[in-house]
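Chain naming here is simple, since letters A, B, ... match the order of the sequence lines and numbering starts at 1 in each.
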4 protein chains.
Amino acid sequence: MAEGRRGAARSETARLAILEATARQFAGSGFDHLTMEGIAADAGVGKQTIYRWWPSKAALVAEALIEGMLLPDRFVPADTGDIRRDLADWLDDLFAFVGDPAHDTLVRSLFAVAIEHADVGTRLRENLGTSLVAARMDSAVAAGQIPPDAPRTEIVELLVGGVVFRILNRTPITPDTSGRLVAAVLGA
Amino acid sequence: MAEGRRGAARSETARLAILEATARQFAGSGFDHLTMEGIAADAGVGKQTIYRWWPSKAALVAEALIEGMLLPDRFVPADTGDIRRDLADWLDDLFAFVGDPAHDTLVRSLFAVAIEHADVGTRLRENLGTSLVAARMDSAVAAGQIPPDAPRTEIVELLVGGVVFRILNRTPITPDTSGRLVAAVLGA
Amino acid sequence: MAEGRRGAARSETARLAILEATARQFAGSGFDHLTMEGIAADAGVGKQTIYRWWPSKAALVAEALIEGMLLPDRFVPADTGDIRRDLADWLDDLFAFVGDPAHDTLVRSLFAVAIEHADVGTRLRENLGTSLVAARMDSAVAAGQIPPDAPRTEIVELLVGGVVFRILNRTPITPDTSGRLVAAVLGA
Amino acid sequence: MAEGRRGAARSETARLAILEATARQFAGSGFDHLTMEGIAADAGVGKQTIYRWWPSKAALVAEALIEGMLLPDRFVPADTGDIRRDLADWLDDLFAFVGDPAHDTLVRSLFAVAIEHADVGTRLRENLGTSLVAARMDSAVAAGQIPPDAPRTEIVELLVGGVVFRILNRTPITPDTSGRLVAAVLGA
DNA sequence: ACCTAAACGAGACGGTACGTCTCGTCTTTCT
DNA sequence: AGAAAGACGAGACGTACCGTCTCGTTTAGGT
C-alpha cells in the first residue's frame, strides 16, 4: 500500500467500541455527563486511544451521529404527489421522535451541542433530512404544486426552525401541528 | 412586622455582584467555561453564598437574563401600521444582534442552555419579544392587514424558529433575509 | 454592686449548655470532630455566644474538664498506711479508666490536646491527682515508709509518665502492672 | 516477571517531594495547620497523587517519620560500661531535643499525633531509641551492673514516660534532671 | 526469523473545579 | 446588653475528570 507505514494498524474494533460507548452514554445522560474516562472504561479502551483519534467530545458525538448511532439515519420525506401531505408526514415523523419523552435528554443535548459545534450542526441538519425536503420541494415545483417563485429555501428553513423552536419552547405537539405549520408556509 | 425573621437579611450587594460576574464571564467565554469558583472570585464572594441562593449555573444564567444583563431587555416590534415592515424590522434587529460576531459565544451558549433548561428557555423567548410580536399581529388583524383566520401563533413560531435555525446553521444573513422570511409566512 | 454594668447578665444556662454540649461531642467523637457549629446547635445557642466567652476550642475543653464533665473529678490516692499499696491502687484506678475501650477516644483526645495546650495540660494533671499523690508521699516519709532523701517529685513524675506512655504505646494492662511500676520506683 | 503490572510506575520523585513538604510544613506549623492542599502545592503535585497513596495526614506524618525527615534517625544510647551514665546521657540527648524551643511545635504536634494514631506512635517510640535502651539494659545485666531480676521493661517505660510527662507538663529541664530520674529507677 | 515502530490497555501524573463543611465575623431581631 | 438566628468572605475537604505521559504488550509491515 502506497506509503510504507509500519506498526499496527488502527483497530476498527476499538473505534466502534468507543463510538458505541459514546452513543450509549450520550443517549443515557446527555452531553454534560459524557466523560472521556467513562467512555474509555465503558469501551474497555485506554484514554489515549480516544485522544489519538478524536480531538474533542464534540467530534466523538459528530462521528457517532454519522454512524447512525444516535438518530434514525435520516428522516426521509415521501413523494406521494401531494407536497402538503408529504411535508406534514415528514414533520410528524420529526415531532414524534423529538417529542418522545424517552428521547428528551438525547434530543436536547444533541441540539445544544449542534448550536455550539458547527460540525455537529452540519451533520445533524443532514440527518433531519433538510436536503431531501429541498429536493422534494423542487419536484413539487416541477409538478406544478408550488409556484416556481415560492421561497423554497426559506420554507424549509422555517419548517425546521419550527421544530427547533418547539424543542426550545417545550410546546406540546398536537395531531394538527404539522398541518398548521405547512399551511402557514404554503398558504391555505 | 408580619413574619419575624431573625438573623441577617440577604445581601443585595452580593446578589448583584454575583449576577454581574456571571454575566461577565458568560458573555466572555460561554457557558462551558463558566465556573462557580470563577464567579465567586470575580464577585468577591464566598462560594457558599452562591450555593445558598442558586441551585445551578443555569439558574444563575436565567436570573442574569431576567436582570437584563445578557441581552437587550427586549426586542420590541414597532407599529408603523405596516405589519410586513414591522416584522421585517424586528427580524433585522434580531439578526443584527445574533449575527454580530462579537456576540457569537454569548448567543450560542445562551441558546444551548435554553434548549437544556426550561427556565432559561422561557426567559429567553420572552426576551426575544415573541409575546410582543404576537400582540402586534393581533393589531394587524384589527387593521385588516392580515385575515383573521391566519395562523398567527404558527407564524411567530416559524419566524423565531427561522432565527434559531440560522444560528444553528450558521447561514450568513443578507439584507433581504428578513423580507424573504416574512414573505414566506405572509405570502407575497 | 461595685462597677455599674448595664444590660443583661451572662446566661448561666447557656454557659452550662455549651459546656455540656462540648463534653458530649468531645467524649463521643474526639477533639478533631469537635466543631463550634456543632456545639452551638447541640446546645441550642448562637455561635456568637460561644465566641463571646471562650477564645478557642481548647478553652472550652479546659473548662469542661474543670467542671468535671470529662473525667472523674479526681483520682484520689487512699491512705491505708501502706504507701506501696496506696500508690498501686491509685495507678489501678487510673489504668482502669484509661484502659477502658469506652473511654479510648476521650482519653486519647484529651492527652493530645493537653500536650498542645498548656491550660488543658495543667488542668488534666490536676485531675489525675498528682498533687494528692505528692502529699501522700510526704505523709509516707513522715511515717518512715520512705527515706526522706527519696526523689519524691521524680517518682510521681515517672509514675504518671508511665501511664501516659502506656496510652501512647497501647500496651495492654495486666493486673500486676501497677505493682511492678511501684516496685520499680520504690525498690522491692 | 511474576505479576504483570501495567501502566506507569509510581513516581519516587513525587513520593519524596510529598514527604518533604509534609515534614517542612509539619515542623513549621504543626499538625493542625497541615493541609493537604498546602502539601500538594508545596510539593508541586496534584492532590490526587497524595490521596492515591496515603489515606490520611497521619499516614503522611508516620512515613515522614520513617524516612527520618522529622526526627534524628534514632536516639542511640552509648555503651561506656557505666549504665547509669549511659542512660543519663541518652536522656540528656532526648531532653536537649524536646526541650529546645525551636522544636516545640514539632515535638508537641508529634506526640499529640502519636497518641491518637497507633502507627505514628509505634514509629515514634522506635525513633526515641526505646528498643536500643532495652538492649543496653540487657548488656548491663550481663556486666553485673543491674541485678537480673530488675524490672527492666518497666524502667525503660518509666524513663520514656518521664520524658513525655515533662513535655506534657512543660517542666523546665535542669542539668541534673536526667541523673535524678535514673537514680529514681535504679536506686542511689 | 528477526527488527522496528505504531497502536493498544492500563494507569500515574499535575491540574482545575466540583459541592460541602466549618471557620470566625457581622447583622438583624427579640428579650 | 445579651442572646438566637443566620448571612457572609474565606478556604480546606475529598472526589471526579481533564489531557498528557509513561509503562509493558500486541500486532504487523520491512528486512
Side-chain angles (χ1 to χ4, degrees), chain A residues 1 4-11 13-15 33-41 43-53 55-57, chain B residues 1 3-11 13-15 17 33-41 43-53 55-57, chain C residues 5-11 13-14 33-41 43-53 55-57, chain D residues 1 4-11 13-15 17 33-41 43-53 55-57:
Chain A
M1 235 300 263
R5 263 268 279 83
R6 276 206 289 184
R10 175 171 184 184
S11 155
T13 313
R15 183 180 150 270
H33 298 99
L34 200 61
T35 71
M36 290 309 222
E37 304 209 324
I39 294 170
V45 134
K47 280 200 285 178
Q48 202 54 252
T49 302
I50 304 183
Y51 284 108
R52 192 164 13 240
W53 303 108
S56 67
K57 270 182 267 199
Chain B
M1 229 301 258
E3 51 104 19
R5 259 273 279 91
R6 279 210 283 187
R10 176 171 182 183
S11 157
T13 313
R15 184 181 150 267
H33 298 100
L34 199 61
T35 71
M36 291 306 220
E37 305 213 321
I39 294 169
V45 133
K47 280 198 285 176
Q48 201 57 261
T49 302
I50 305 184
Y51 285 109
R52 186 156 28 234
W53 303 109
S56 65
K57 271 180 264 201
Chain C
R5 272 260 283 80
R6 276 200 295 176
R10 175 172 184 185
S11 157
T13 313
H33 297 100
L34 200 61
T35 71
M36 292 307 222
E37 306 210 321
I39 294 169
V45 132
K47 279 199 288 177
Q48 200 53 248
T49 304
I50 305 183
Y51 283 108
R52 190 160 19 237
W53 302 109
S56 67
K57 269 181 269 199
Chain D
M1 230 313 246
R5 261 276 279 89
R6 282 211 280 186
R10 176 171 183 184
S11 157
T13 312
R15 185 182 147 267
H33 298 99
L34 199 62
T35 70
M36 292 306 221
E37 303 212 322
I39 294 169
V45 134
K47 281 201 282 179
Q48 202 57 263
T49 302
I50 305 184
Y51 285 108
R52 189 158 23 235
W53 302 110
S56 66
K57 273 180 259 201

Exercise for review: Please identify each residue that fulfils salt bridge (Lys or Arg N to Asp or Glu O under 4.0 Å) with C:Lys57, with sequence neighbours left out.
Suggested key: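 None.
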
Point to revise | 5'-most by nearest nucleotide on DNA chain F - A:Leu34 or B:Gly7 | key: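 Closer to the 5' end of DNA chain F: B:Gly7.
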
Practice item. For B:Arg15 and for A:Ala9, locate the closest nucleotide of DNA chain F by heavy-atom distance; then report the residue assigned to the nucleotide nearer the 5' terminus. Key: B:Arg15

Point to revise | Non-neighbouring partners of C:Ser11 that pass side chain to side chain contact (heavy atoms under 4.5 Å, CB included), sequence neighbours left out | key: C:Thr13, C:Ala14

Practice item. Report yes or no: is the cationic atom of D:Arg10 (NZ for Lys, CZ for Arg) under 6.0 Å from the centre of the six-membered ring of D:Trp53, at an angle within 45° of the ring normal? Key: yes

Study note, to complete from the structure: What residues 43-53 of chain B contributes to the DNA chain E interface at heavy-atom separation below 4.0 Å is B:Lys47, B:Gln48, B:Tyr51

Atom [atom1] of [X] and atom [atom2] of [N]: how far apart are they, to the nearest Å?
{"X": "A:His33", "N": "F:dT15", "atom1": "NE2", "atom2": "P", "value": "19 Å"}
{"X": "C:Ile39", "N": "E:dC23", "atom1": "CD1", "atom2": "C1'", "value": "13 Å"}
{"X": "B:Arg6", "N": "F:dA5", "atom1": "CZ", "atom2": "P", "value": "6 Å"}

If you compare all heavy atoms of [X] against all heavy atoms of [Y], which two are closest, and at what distance to 0.1 Å?
{"X": "C:Ser56", "Y": "C:Met36", "result": "C-CE, 4.3 Å"}
{"X": "D:Ala17", "Y": "D:Ala43", "result": "O-CB, 3.5 Å"}
{"X": "C:Ala40", "Y": "C:Gly46", "result": "CB-C, 4.3 Å"}

Point to revise | Closest-nucleotide 5' rank along DNA chain E - winner of D:Ser11 and D:Glu37 | key: D:Ser11

